[in-house]
Amino acid sequence: MKSIIFEFLLDCNHHKYDNCGVKEIHYLSEIKFMENNFQSTIPNIQNHLLLGVLTTLFCCLPLGIVSIIYAIQVNSAMASGNYSVAQVASEKAKYWGMLSLWIGIALNVIGFIFYFILGLVGVAI
């Protein structure tokens, strides 16, 4: 769509013509400025959904589900334009995802330690 508008403006030689089918055509530089200005006002907020899904599958199921719920709230808040709520939900999704990751790692390490210690003791007895 953008390239069609730009080609249309190039065909009109960047001037304001009435015979191009548009009453008023803005200069190409003005349109680029408006597009760049509009894109910079929308913040880039990560939803951490991948972290939530992976920690749910491989680490700690209950905390990973909480992370997924907050990650989904980020997407819905961004869609409605409520960026402050999206930022808070993003921070909570990351917090619960990382907590799930570290608890999952700790439980796996403890499980391996008990497995090898009890396994070796069971073989010796």
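In what follows, every heavy atom counts, from backbone to side chain, and hydrogens, waters and symmetry copies are set aside.
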J.: List the atom of Met78, the atom of Ile42, and the distance in Å for their closest heavy-atom pair.
T.: CE-CG2, 4.5 Å
J.: Between Ile45 and Gln87, which heavy-atom pair has the shortest distance, and what is it?
T.: CG1-OE1, 3.6 Å
J.: Rounded at 0.5 Å granularity, tell me how far CD1 in Ile105 sits from CD1 in Ile110.
T.: 12.0 Å
J.: Got a second to check how far Ile113's CD1 is from Asn108's CG, nearest 0.5 Å?
T.: 11.0 Å
J.: Write down the atom of Ala77, the atom of Val85, and the distance for their closest heavy-atom approach.
T.: CB-CG1, 4.1 Å
J.: What's the separation between atom SG in Cys60 and atom CH2 in Trp102, rounded to the nearest 0.5 Å?
T.: 14.5 Å
J.: Looking at Thr55 and Ser100, would you say the former's side chain and the latter's main chain have a donor-acceptor pair under 3.5 Å?
T.: no
J.: Give me the atom names and distance for the closest heavy-atom approach of Ser67 to His48.
T.: OG-O, 4.3 Å
J.: Tell me if the OH atom of Tyr83 is crowded by more than 12 foreign heavy atoms within 6.0 Å.
T.: yes
J.: Members other than Tyr70 in its cluster, when Ile, Leu, Val, Met, Phe, Trp, Tyr link by side-chain heavy atoms under 4.5 Å?
T.: Leu63, Val66, Tyr95, Trp96, Leu99, Ile103, Leu107
J.: Hey, mind stepping through Phe112 and Val109 against side chain to side chain contact (heavy atoms under 4.5 Å, CB included) and telling me if it holds?
T.: CA-CA 5 Å; Phe112 283 127; Val109 167; 5.8 Å; no
J.: Measuring from atom CG of Leu49 to atom CG of Asn75, what distance do you get when rounded to the nearest 0.5 angstrom?
T.: 7.0 Å
J.: So which atom in Ala89 and which in Gln73 form the shortest heavy-atom distance, rounded to 0.1 Å?
T.: CB-CB, 4.1 Å
J.: Indicate if Leu101 and Leu61 have the same hydrophobic cluster label, given that clusters are the connected sets of ILVMFWY residues with side-chain heavy-atom separations under 4.5 angstrom.
T.: no
J.: At their closest point, which heavy atom of Ala71 faces which heavy atom of Asn47, and how far apart are they?
T.: CB-O, 3.0 Å
J.: Just how far is it from atom CD of Gln46 to atom CD of Glu91, taken to the nearest 0.5 Å?
T.: 12.0 Å
J.: Is there a chain of hydrophobic side chains (I, L, V, M, F, W, Y, each step under 4.5 Å between heavy atoms) that links Ile72 to Leu50?
T.: yes
